[in-house]
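Worth saying up front: this structure is predicted, and the values here are computed from it rather than measured. The figures that follow rest on heavy atoms only: side chains count, while hydrogens, waters and symmetry mates do not.
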Amino acid sequence: METTKSFPEWEKVAEQLQLGLGYSGSTLERTRYTYQVFTQNYCSFEGGNTPEIVLKNGIEYVNKAYENKEISKDKLLRIRRLAFRLLQLIETGSISWKAAPVYGKKFGNRHNEALLSSFVNSEKKGGKHAESIIYRDENIIRQFILFIEENGWNVEDVDVQEMLDFLAYMKKRRPAGIKSVASALRHFYLYLVDEELVDPAILLAIKPWGLPHKKVYGILSKEEKKKLLEVIDDNSNTGKRDKAFIMLAMDCGLRSSDICHLKLNEIDWKTASVRIVQQKTQNGLSVPFSMDTGNALADYILNVRGKSELPYVFLKESYCDTAMTSSMLCMRLKKYLKKAGIEHPKSEKISMHTFRRSLGAALINSGEDLETVAQVLGHKDKEATKLYITISEKMLRSCPLDMPEFSEENGGVL
């Protein structure tokens with residue numbers, strides 16, 4: 001396929017990738033290859049099309065190539081990611097971290113999607129919920145939209161029976177997450193009620209499904225934490241990095257999203273603490289770490305991390321200009337749990353968040369009050385912290401009432 005000078009030149013693209021995304025020289029070289037493959041093989045200016053149309057057509061050609069098994073999924077995603085950034089450059093004059101649409105993702109009709117978009121924008125402006133909750137709600141509501149559109153419904157036309165059918169359908173698919181489903185629908189329909197688009201009576205169909213799902217939270221003992229650290233090879237680069245973020249999680253109880261977004265300038269070496277704005281709540285948090293954790297962090301930063309232009313502490317080993325993700329942290333943790341022979345019942349989900357629960361339970365067992373534990377964990381209020389009492393063995397043992405004594409002789413109470 002022919003290309004012309006109307007297409008963004010690589011030099012301009014590379015400049016914007018450096019300015020907007022902080023790409024290093026090695027990443028620019030890899031991206032340049034992707035740029036050449038895309039522009040030479042999938043983009044054509046035949047027929048006098050504008051650059052925007054050429055790019056959109058090129059993206060469709062790439063999608064078809066993948067569907068015809070001509071390219072791998074990895075190559076598809078790399079080309080699509082770059083293509084949408086090129087489109088962003090043409091439309092706005094710059095490149096940002098805005099994500100490309102997920103390949104194969106289904107959407108509702110224009111009317112329902114417009115209402116969903118208005119709801120999401122309203123939630124972001126209102127600041128009532130964390131960004132992660134808004135993102136969760138958006139995905140659940142889109143599933144709801146696709147479900148009702150199979151019967152030709154729009155969101156304002158849904159009746160109680162249709163709502164109950166969807167909730168029953170989701171309870172079979174994800175019984176542990178039915179509370180989240182009901183919560184998302186409630187947020188959405190409260191917005192529609194406020195906009196006077198639906199009858200408030202529809203909320204009655206959602207209310208009975210809002211009962212909390214009983215979860216069993218697992219925690220790691222001191223012995224298990226010790227075994228976990230012992231199996232990490234801290235003589236290797238990967239081991240130094242993994243030991244640093246795991247020890248940080250143990251000491252500070254940070255969420256995985258906060259560990260991934262932790263920046264170099266958020267580590268206060270003088271006070272041996274991290275000072276961050278939490279990703280979930282957007283609240284500030286300052287929490288100390290131990291000398292051992294500080295040494296592990298310093299060892300990784302000084303000897304392994306390298307001179308990446310990104311501000312984040314923890315980077316992927318193979319791409320030193322890419323921050324680690326929450327899923328990658330969990331994947332690394334599972335590897336070490338298996339290596340250490342640490343097993344828990346399937347009902348006790350062990351993940352990066354387990355370190356946070358373990359810290360909360362340990363603080364309560366040590367006699368700390370709820371307000372102090374809430375401050376350490378960065379909770380907005382003490383109600384969230386009360387959940388940690390349920391996983392504190394010491395606190396649970398203090399709860400049962402005295403049992404009356406029984407006599408075998410009279411078979412009754414003494």
Side-chain angles (χ1 to χ4, degrees), residues 22-30 74 218-276 287-344 348-359 362:
Y23 272 23
S24 65
S26 58
T27 303
L28 285 175
E29 280 300 311
R30 293 195 301 270
D74 179 66
I219 61 173
L220 294 173
S221 65
K222 289 184 179 179
E223 293 72 20
E224 288 176 323
K225 291 177 183 178
K226 184 179 179 181
K227 286 175 63 178
L228 183 63
L229 293 176
E230 287 175 348
V231 300
I232 301 176
D233 178 17
D234 52 10
N235 290 318
S236 69
N237 289 347
T238 303
K240 289 179 186 294
R241 180 201 63 193
D242 294 352
K243 187 172 185 178
F245 78 69
I246 287 176
M247 291 185 71
L248 187 67
M250 288 180 179
D251 262 8
C252 303
L254 298 180
R255 299 180 182 90
S256 58
S257 58
D258 291 327
I259 293 176
C260 293
H261 287 86
L262 180 66
K263 299 180 179 64
L264 292 169
N265 61 7
E266 292 174 333
I267 301 177
D268 189 335
W269 296 103
K270 291 182 178 180
T271 60
S273 62
V274 292
R275 301 173 184 273
I276 64 171
V287 60
F289 52 77
S290 67
M291 182 183 295
D292 288 340
T293 296
N295 290 337
L297 280 169
D299 187 20
Y300 164 66
I301 293 171
L302 295 175
N303 301 317
V304 177
R305 182 184 176 278
K307 297 182 179 180
S308 171
E309 296 178 6
L310 284 183
Y312 306 110
V313 174
F314 298 106
L315 307 178
K316 294 180 182 178
E317 184 183 14
S318 54
Y319 300 98
C320 291
D321 49 17
T322 307
M324 294 187 74
T325 61
S326 295
S327 59
M328 189 174 182
L329 296 185
C330 288
M331 181 183 70
R332 301 300 299 168
L333 173 62
K334 288 180 180 179
K335 174 185 176 180
Y336 294 122
L337 287 171
K338 184 176 181 181
K339 191 175 181 180
I342 299 173
E343 295 183 358
H344 282 244
E348 295 183 13
K349 184 180 179 182
I350 303 299
S351 65
M352 286 296 297
H353 206 76
T354 302
F355 295 121
R356 184 173 174 82
R357 291 196 291 266
S358 300
L359 177 62

Participant: Is there side-chain contact between N265 and P311, with at least one heavy-atom pair below 4.5 Å?
Facilitator: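 No, their side chains stay 4.5 Å or more apart.
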Participant: To the nearest 0.5 Å, tell me how far H261 NE2 sits from R255 CZ.
Facilitator: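 Result: 13.5 Å between the selected atoms.
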Participant: For residues S351 and C330, report the shortest heavy-atom separation together with the two atoms involved.
Facilitator: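 Minimum heavy-atom separation between S351 and C330: CB-SG, 4.3 Å.
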Participant: Ignoring hydrogens, what is the shortest heavy-atom contact between G253 and R356? Give both atom names and the distance.
Facilitator: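 Shortest heavy-atom contact: O-NH1, 2.7 Å.
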Participant: Just verifying a value: how many Å separate L248 CG and F314 CZ, rounded to the nearest 0.5 Å?
Facilitator: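 Separation between the atoms: 5.5 Å.
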Participant: Kindly give the heavy-atom pair with the smallest separation between I219 and H344, and that separation in Å.
Facilitator: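 In this case the closest contact between I219 and H344 is O-CE1, 3.2 Å.
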Participant: Taking all atoms of both residues into account, what is the closest heavy-atom pair of A323 and L315, and its distance?
Facilitator: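 Of all heavy-atom pairs spanning A323 and L315, the closest is CA-CD2, 4.0 Å.
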Participant: Atom CD1 in I342, atom CD in E223: separation rounded to 0.5 Å?
Facilitator: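 Those atoms lie 10.5 Å apart.
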Participant: Specify the closest pair of heavy atoms between F289 and C252, including all atoms of both residues, with the distance to one decimal.
Facilitator: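 That would be CB-SG, 3.9 Å.
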Participant: Ignoring hydrogens, what is the shortest heavy-atom contact between G341 and K227? Give both atom names and the distance.
Facilitator: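 Scanning both residues, the minimum pair turns out to be O-NZ, 4.4 Å.
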Participant: D258: what forms a side chain to side chain donor-acceptor pair (under 3.5 Å) with it, not counting sequence neighbours?
Facilitator: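 Partners of D258 under the side chain to side chain donor-acceptor pair (under 3.5 Å) test: none.
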Participant: Side chains of R357 and T354: donor-acceptor distance under 3.5 Å anywhere?
Facilitator: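 Short answer, yes.
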Participant: As an exercise, state the distance from CG of D234 to CG of N295, rounded to the nearest 0.5 Å.
Facilitator: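 Here the interatomic distance stands at 11.5 Å.
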Participant: R305 side chain to V313 main-chain N or O, any donor-acceptor pair under 3.5 Å?
Facilitator: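 Yes; at least one donor-acceptor contact below 3.5 Å.
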Participant: Could you verify whether a donor N or O on one side chain and an acceptor N or O on the other, from S327 and T325, lie under 3.5 Å apart?
Facilitator: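 Present: a donor and an acceptor within the cut-off.
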Participant: Can you tell me how far the NZ atom of K225 sits from the CG atom of D251, to the nearest 0.5 Å?
Facilitator: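 K225 NZ to D251 CG: 8.5 Å, rounded to 0.5 Å.
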Participant: How long is the straight-line distance from CZ of R332 back to CD1 of I246, given to the nearest 0.5 Å?
Facilitator: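 Those atoms lie 8.5 Å apart.
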Participant: Going by the side-chain contact (heavy atoms from CB on, under 4.5 Å) test, name the single residue among L254, L262, I259 that passes it with F245.
Facilitator: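 Per the side-chain contact (heavy atoms from CB on, under 4.5 Å) rule, the option paired with F245 is I259, out of L254, L262, I259.
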Participant: Does any N or O in the side chain of D233 come within less than 3.5 Å of the main-chain N or O of G239, such that one atom is a donor and the other an acceptor?
Facilitator: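 Side chain of D233 to backbone of G239: no pair is present.
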Participant: Within a radius of less than 6.0 Å around NZ of K335, do more than 12 heavy atoms belonging to other residues, nucleotides or ligands occur?
Facilitator: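 Count not over threshold, so no.
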Participant: In this structure, which one of L228, T293, D292 forms a side-chain contact (heavy atoms from CB on, under 4.5 Å) with M250?
Facilitator: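 The residue from L228, T293, D292 that satisfies side-chain contact (heavy atoms from CB on, under 4.5 Å) with M250 turns out to be L228.
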Participant: Test of understanding: with salt bridge (Lys or Arg N to Asp or Glu O under 4.0 Å), list the residues that count as partners of D299, not counting sequence neighbours.
Facilitator: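 Here the qualifying residues are K240.
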Participant: Under the side chain to side chain contact (heavy atoms under 4.5 Å, CB included) criterion, do I276 and V287 qualify, and how do the steps go?
Facilitator: CA-CA 9 Å; I276 64 171; V287 60; over 6 Å; no
